[in-house]
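Reading through the structure tokens given below for one structure.
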Amino acid sequence: DVQLVESGGGSVQAGGSLRLSCTGSGLNFDDYTMGWFRQAPGKEREVVACTSWKGTGTRYSDSVKDRFTISRDNVKKTLYLQMNSLNPEDTAMYYCAAVKNKGPWCYESQYEYDDWGQGTQVTVSS
């Protein structure tokens with residue numbers, strides 16, 4: 001079975017940084033398109049960023065563009081999300097997701113992904 005485990009969340013003040021990690025097991029990691037999603041209380045889950053299997057096709061939501069960077073290490077079977085200039089609106093549970101796909105681009109819709117981690121909480125205070 002595919003398992004995804006997120007880590008790196010926590011509490012930080014506005015303007016700070018965090019780096020999330022998502023480690024996969026039970027899969028050939030480089031066969032998978034990966035994404036980061038987040039869900040704040042009372043809101044729907046939304047895409048943050050996604051990356052193709054090779055790491056060359058990436059997309060970001062407008063709200064995080066130029067602040068967050070998605071990357072992956074296929075040897076370590078790990079997906080990363082570097083988050084800089086955090087603000088209170090970034091407070092949410094962050095999830096990584098995977099779908100078996102070796103296309104040049106990634107998916108921004110959560111409905112395209114088959115496997116999900118349990119999430120890691122990010123809280124940004126003003």
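For reference, positions follow the sequence shown, starting with 1.
- Between the Tyr113 side chain and the Tyr107 main chain, a donor and an acceptor come within less than 3.5 Å of each other.
- Among residues two or more places apart in sequence or in another chain, the side chain to side chain donor-acceptor pair (under 3.5 Å) test is passed with Lys43 by none.
- Val5 belongs to no hydrophobic cluster, as no Ile, Leu, Val, Met, Phe, Trp or Tyr side chain comes under 4.5 Å of its own.
- Under a 3.5 Å cut-off, the side chain of Arg72 and the backbone N or O of Gly55 do not form any donor-acceptor pair.
- Side-chain contacts under 4.5 Å among hydrophobic residues (ILVMFWY), followed directly or transitively, place Tyr94 together with Val2, Leu4, Val12, Leu18, Leu20, Leu27, Phe29, Tyr32, Met34, Trp36, Val48, Tyr60, Val64, Phe68, Ile70, Leu79, Leu81, Met83, Leu86, Val122, Val124.
- The closest side-chain heavy-atom distance from Thr33 to Glu112 is not below 4.5 Å.
- By the salt bridge (Lys or Arg N to Asp or Glu O under 4.0 Å) test, Lys102 pairs with Asp31, sequence neighbours left out.
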Inset, instruction - Given side-chain contact (heavy atoms from CB on, under 4.5 Å), test Gln121 with Thr91 step by step and report yes or no. - result: CA-CA 8 Å; Gln121 178 68 37; Thr91 295; 4.1 Å; yes
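- Tested against Gln110, the residues Glu44, Gln39, Arg45 include a single side chain to side chain donor-acceptor pair (under 3.5 Å) partner, Arg45.
- What you find for Gly103 and Ser52 is that their closest heavy atoms are O-CB, 3.8 Å.
- Going from atom CG of Asp1 over to atom CG of Asp115 covers 8.5 Å, rounded to the nearest 0.5 Å.
- With hydrogens and angles ignored, the 3.5 Å screen pairs no side-chain donor or acceptor of Asn28 with any backbone N or O of Asp30.
- Inter-residue side-chain proximity for Ser25 and Lys77 is flagged as unmet; no heavy-atom pair is nearer than 4.5 Å.
- Thr56 contributes no side-chain N or O that, together with a main-chain N or O of Lys54, makes up a donor-acceptor pair within less than 3.5 Å.
- When every heavy atom of Arg67 is checked against every heavy atom of Ser85, the shortest pair comes out as NH1-O, 2.9 Å.
- Between the side chain of Asn74 and the main chain of Trp53, a donor-acceptor pair closer than 3.5 Å is present.
- If you chain together ILVMFWY residues whose side-chain heavy atoms come under 4.5 Å of each other, Tyr111 ends up in a group of its own.
- Contacts of Asp66 classified as side chain to side chain donor-acceptor pair (under 3.5 Å), with partners at least two apart in sequence or in another chain: none.
- The heavy-atom pair separating Met93 from Gly119 by the smallest distance is SD-C, 3.7 Å.
- For the residue pair Glu6 and Gln118, the shortest heavy atom distance occurs at OE1-N, 3.1 Å.
- For Tyr95 against Gly117, the heavy-atom pair with the smallest separation is CD2-O, 3.5 Å.
- Of all the heavy atoms in Gly57 and Cys106, the pair that sits closest is O-SG, 3.7 Å.
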